[in-house]
Each structure stands twice: as C-alpha cells, then as structure tokens.
There are 2 protein chains.
Amino acid sequence: MASITFDGTSWEERKIKKPTIHDVAEKAKVTPSTVSRVMNGSSLVKPITRQRVLDAVKSLGYIPSKTARMFKSGKSGILGLVVSAQHISELIFNAGFQAIFKALTEKAHSEGYNILILTSSDPDSESFFNVIKNQVADGFIILSPSNNESLASMLEEAGIPYVFNMKYSNNPEDIYYITSDDLEAGYMAAKYLLDLNHTDIRFIVGSIKGNVISFNHERINGVKKAYGEYGIPFKDDYIVRVPGQMEESYNRIHQLLQTQKPTALMISNEVTTVAALNYFYDYGYRVPQDISVIGFGPSDLYRSLRPNLTSVSFDITHASGKIVDMLLQRIEGIPIKLEPPKKPELIIRDSTARNI
Amino acid sequence: MASITFDGTSWEERKIKKPTIHDVAEKAKVTPSTVSRVMNGSSLVKPITRQRVLDAVKSLGYIPSKTARMFKSGKSGILGLVVSAQHISELIFNAGFQAIFKALTEKAHSEGYNILILTSSDPDSESFFNVIKNQVADGFIILSPSNNESLASMLEEAGIPYVFNMKYSNNPEDIYYITSDDLEAGYMAAKYLLDLNHTDIRFIVGSIKGNVISFNHERINGVKKAYGEYGIPFKDDYIVRVPGQMEESYNRIHQLLQTQKPTALMISNEVTTVAALNYFYDYGYRVPQDISVIGFGPSDLYRSLRPNLTSVSFDITHASGKIVDMLLQRIEGIPIKLEPPKKPELIIRDSTARNI
DNA sequence: CTGTTAGCGCATTCAC
DNA sequence: GTGAATGCGCTAACAG
C-alpha cells in the first residue's frame, strides 16, 4: 500500500511517531543534553544555541515525554484518590463526598499535583491494596467508609505513602490520617436540641450492611455525653441505622415515623437528610413546627435546602488541605506533626425550633 | 549517625529503596528476563522456577514499577479529564457535571483505565493545551463550556488523542466529539408547554460573561421551532441569561418575577433550577399551580427535588460511554464512526400544569 | 558553555 | 526453558 511521503517518512509515521529529544538535538545540531538543558531552563546555555534549540523544538512540535521524565525522576506528580465504587456511584447525591473531592482536587492542583481517581469495587483491604499497588502515584489518599485497619500495614510494608480520611487503627504508630472531631459534633447537636427541650429525638446514622459507619460511633458518644450532662436517660433505640441511599432512606424514615413520634431528628448523612426533607414535604410535616431537623455536612448544601437547615458542619476545605499537606510531607520524607482536628461548627438556621 | 542495620543495609535504605526486578532475579537465582516472564504470566517458565521467583517476589515485597512499565510500553492506562477550574469549584451544586463525571469514571474503570483530573484555570485554548501537553495520559476528554475551536487543531497537530463533549468546530474534519440533540431538547420542552397552553414562557439559559453557553443556542433554536409550528410569535426577551451560580441565579429569578409574570419557566441549568425552586418556596409561589417549571438535566436529581420536576433529560451514561469508546478507538487507531446522538427524553412529573 | 557517558526498571528480542 | 543483550527518552555527572 503506497502512501504519500514527506521528508522521506510516510505521513502515518510522522503522525504517529512523536519527536524525541534526539530528533530535536539532531535538527539543532547539538546533543540531547543541551536540548535537555534548554527544556529545563538551565542558564548555562549560550543564547544563540538556546534559540537554535527552541526553533527546532517549535518546528518539530517537540513535547518532552512525561513518562520518561517520571521514569527518570521517580516522581509522577500524581496523587491517587482511592474510593469505594459505591462512593462514585452515589456521587450525584453525596454532597459530603463532592465537597471533599472538590477541596482535595483544588488543593492538589495548587500544590502542582493532579488527582487520579481510583476505585475499588470491594470495600475490603485486599481490594484496596490491589488497586493501589499497581498504580502510578507518588502517594495515595484513601477514603474508605469501613474500617480497613490491615490496609495501613500493607501499605506501610510496601513503603507506599498514604493518608486516610479517618483513624482506622488503634496502633499509636499509625498517625497517617486526618480526623474530624465527631464526638464534639454529636455533642453540639444533641446539646442544642436538649436546650430546645427536645428529649425524644432520633439519631439517624448511616450503616453499611448493618454496621454503623465508624465515625458515627464517636458522634453517638457525643450525643450520649450531652444526655449524661443533662441527666436524661439515653435510650438505645434513639439510634436508627439507615443505609445511605436515597430510596432506602426515604422508606426507612417513613417506616420510622409511622410508628414513633420523635420531636427532633439528627441526621448523620446528607442523602438521608434530603430524603427526610422530601418525606416531610410529601406527607405534610412542617419543619420545624412539627419536627426539628439537624443535619451533618457541608454548610453550602444545607443552605440551599428548604427549609434552610440547621447543621453541624466541618471545615472540609481545611481538613482536605491537611490531608494533602500530610501526604506531601510523607512523600518528601518530612516528619509528620499531628494536629488536633478543627472543631465543627453549629450553624443555626430554620429547621429547628423549641419543643413546647 | 548510627543506625540499626539489617542484611547489611540500613533500615532507612530498606524502607526507601523498593526492590527491582533485579533484586528478585538475584534472590531467585535467575535473570531479570525470567522474573519478567513470571510477572507477565508467560507460560514458558518451568513451574519450579516460577515458584522460586514467586517466593522471592513475596519475600522481597516486590511490586513492578508502574512508571517503568509505562515508559517501556508507551501506554499509561490513564485518561485525562480536562475541565475548567470553575467546573470543579461548583461541583457541589452542579449535578450535570457530577453525572458526567460519574458515568465517565465508571466507564473508564470498566475498560481498565483510570481518570486523571486536570483543570485549567483559564478557559481559553492556550491554557487548556498547556495543561494537557505536560500530562501523562493516553488521551484526553475535554469538558469545556466555551468554544475552544483552536484547541482541536493544537491537539491534532501534537498528535494527542482527544474527544470533546460538544462540537466546537465547523470544520467537517473535526469529528472527535460527542454531542447531544439539544435542538430536540428545546423543541420537546417548548412543545409540551405550548400544548399545555403556555405561551408567555421564559427560557433561562446559562451564560458566561454574558455569552450564552454554546449548546443553549441549539436549545433556543428548538424552542423557536416549536413556536413556529404553532404559529405563535417568539419574543426575544423570552430568553433570559443567568450566570450559573446559586446566589446569582436566585437574585436574577427574583428580579425577573418582580417585573414579569410568565406562566412557565424552562431552565437550562441544574443550579438555576434549584435556585428557582427555592425562590418559589421562599416567596410562596406554588409549582405548578402558579407557575410551571421544566428543567434540563439528570433525571435522578430532578426526581429528588420537590415538587418532582418535569424535565428533559439526556442519557448521560450512554453519552459518556460513547465519549470513552471514541477516545479509546482513537488511542488504538481504530477509525471512528460517527453516530447520531440519542434523543433526549421528556419526563413528565409534578412541576407542570395546564395554563388556564 | 557543550559533549560524552551512563543508567533509571522493564520487556523483548535473539541466542543457547 | 532460560540467559544475555538491547533500548525506550530523558537527565545528571563528569569531562573538556
């Protein structure tokens, strides 16, 4: 099959074969080293030579191979963000994840890194590790909803830098995580409701396969602490486990309110919060006149809901910045200094009222 | 500074230095070639040897270098997703982008690729190109809200595979994009409203710096087509430009409804739709009794709103799948066959009623 | 200021 | 079935 040729090479070759540093060197009548110097802005190149190289670069359309550079330098400039497949599949509704994702991405970009999205279909440590180990990234941020304690040691063993978004391990040597002060969050919300004379409340917490998501344990402890301080007995069935999806949440709320009449709800999960508000709309409950609601999560989201939601919110931008900072420090081998998490904030809006 | 040694190397060295194929070869008393064969599942290795290699791999904790493999093979298994910085910063509210992102990521993962998030702070072609050219990826998906015609030729010139999410260029040779049938979408929505006896409508379209976002032109044409068929004059001030952010949208809707009394709204943008619904809630408008609303965008989102929104929805999963398919075909050099876009769907729910 | 040399880790020839 | 040799594209150390 004949093909039109150009400069002695076929069109296809020209099209496919990207010029290398070698081609540029040849064209500019210098050696690859010099080209490399020019490309990297070394000052020790004679202006004339530099210009010759630059011209060659331009006429050839030379772009340095990123893979070769990575290979040589041992750094990729990439941070892997590892999430469960479920996280991604619920992205549309999961404002909490969106907020983290946004903050992480913006911070990484500002530090000159890019984010590579990795998912593990199964939420167990093995799957996460298998996904991670075959990926190119200078380090990994792991967002896992379940307790993957063994993953930390596998990564440690393999010498792979990582940071978790929560504390999984009780081993005091495991310090590579950023947490939020969930005990305080639960405490603040419950105390506020108790101050408003609500005692018959429900704390709706996300669960995976019936297991309460780890940070919720802390939030529950915070709630109990508040009840303790007020000398009011806390009943175990104040805790309601709900799977995090929209439909299931809606149905579970429905079922709950058919049989019980709490005066206030604390909802630990954004999706369930939206589902609950929708349920109240559909069934004519007035918030806060008939029932008070406190959400946990991004303030921006809750301000865009109707009614404007009273919420306990964390500074996601701050926490995500810390995650990236810590990971970069690990990558660079700088010793880590643990900082206590920033306190959450109680933002009082229109979804809570005094219980008469 | 003394340090505990182990096998003659310091702990730090062991910790830092990852074993290479060479180390494994030495330990297993074979050559790197054999290790490579084992790692790549070649069948021509004697079981005994294979086992020896596997043991060495395990005891050393050897993980093949991904960068070296990329470098050698020339493929990264990464697809770059290039978006404007604004896209990311509005991620929390921008359900349309979330839907695309989710679909793209899931499809890429199912094809064995990962998504690398790239952002360009400026929305012009130069910035996009600069971001792209220095990144490792086998190809790029470009989600840009503005018309970046020259970007296509720059990428073409550089031999970088790409796919756009919309048609930017009028050059018939530029075929690397996936579009949606926006004319049909505008037409369907307007026709439905006209059938419900609404003629005094407003079509709220997103704009960037006063310029209507490109696909909206098609939607507007569709609306005009419907008016034409019904022989009803279409007034230019039926088109209302609104910046896509939550606050601005809310204020603009407020301003609009203070002075005018349309019977129906078509809203081309998810964020503005939520803002409008919030405005109606706050000011006591009943939807659809006082005003009808049609949204454009992900059906899932609109079903989770109250009232349930009538909407024109595209099959994002399908379109995103096509984007990835097309990009992979380009990467592999398979000739592209253009397909017409799937028709959008009019989903009638509770936000539209007959105008009396 | 510029050229020469060497090697990053791996996979793919080609011998044996 | 296994080993030896080679080179992907680039940069850094060392000469000159």
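Each chain gets a letter, A, B and so on, in the order its sequence line appears, and its residues count up from 1.
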Within the 4.0 Å heavy-atom criterion, would you say A:K46 contacts the bases, only the backbone, or no part of the nucleic acid?
sugar-phosphate
Between B:E157 and A:K58, is there a side-chain N and carboxylate O pair less than 4.0 Å apart?
no
Over 12 foreign heavy atoms within 6.0 Å of CD, B:E26
no
From C:dG3, D:dC10, C:dC10, pick the nucleotide closest to the side chain of A:R37?
C:dG3
Between C:dA11, C:dG9, D:dC10, which nucleotide gets closest to the side-chain atoms of A:A68?
D:dC10
Would you mind telling me which of C:dA11, D:dG3, D:dT11 lies closest to the side-chain atoms of A:I21?
D:dT11
Give one of base, sugar-phosphate or nothing for A:T31, where a contact means two heavy atoms less than 4.0 Å apart.
base
Once you apply a heavy-atom cut-off of 4.0 Å, does B:S36 come out as touching a base, just sugar-phosphate, or nothing?
base
Could you state the atom-to-atom distance from CZ of A:R50 to P of C:dT2 in whole Å?
9 Å
Base, sugar-phosphate, or nothing for B:S33, non-hydrogen atoms under 4.0 angstrom?
base
With a 6.0 Å cut-off (strictly less than), is the heavy-atom count around NZ of B:K29, excluding the residue itself, greater than 12?
no
Rounded to whole Å, the NZ-P distance (A:K72 to D:dT11) equals 8 Å
Expressed in angstrom and rounded to an integer, what is the separation of A:K18 atom NZ from D:dC8 atom P?
17 Å
Length of the CZ-C1' vector between A:R69 and D:dC8, whole Å:
16 Å
Nearest-Å distance, CE (A:M70) to P (D:dT11)?
13 Å
Measure up the B:F101 and B:F97 rings against each other and bin them: parallel (under 30°), tilted (30 to 60°), perpendicular (over 60°).
tilted
The nucleotide from C:dG9, D:dT2, C:dT2 with an atom nearest the side chain of B:T49 is D:dT2
Exercise: do B:Q51 and B:D55 side chains pair donor with acceptor under 3.5 Å
yes
Please work out if B:P32 contacts a base, only the sugar-phosphate, or nothing of the nucleic acid, heavy-atom cut-off 4.0 Å.
nothing
Base, sugar-phosphate alone, or nothing: which one does A:T34 contact when heavy atoms must sit under 4.0 Å apart?
sugar-phosphate
For atom CZ of B:F71 and atom C1' of C:dC8, their distance in whole Å:
8 Å
Spacing of A:E26 atom CD relative to D:dG9 atom P, expressed in whole Å
14 Å
To the nearest Å, give me how far apart NZ (B:K66) and P (C:dC10) are.
13 Å
Would you mind classifying the nucleic acid contact of A:V35 as base, sugar-phosphate or nothing, using non-hydrogen atoms under 4.0 angstrom?
nothing
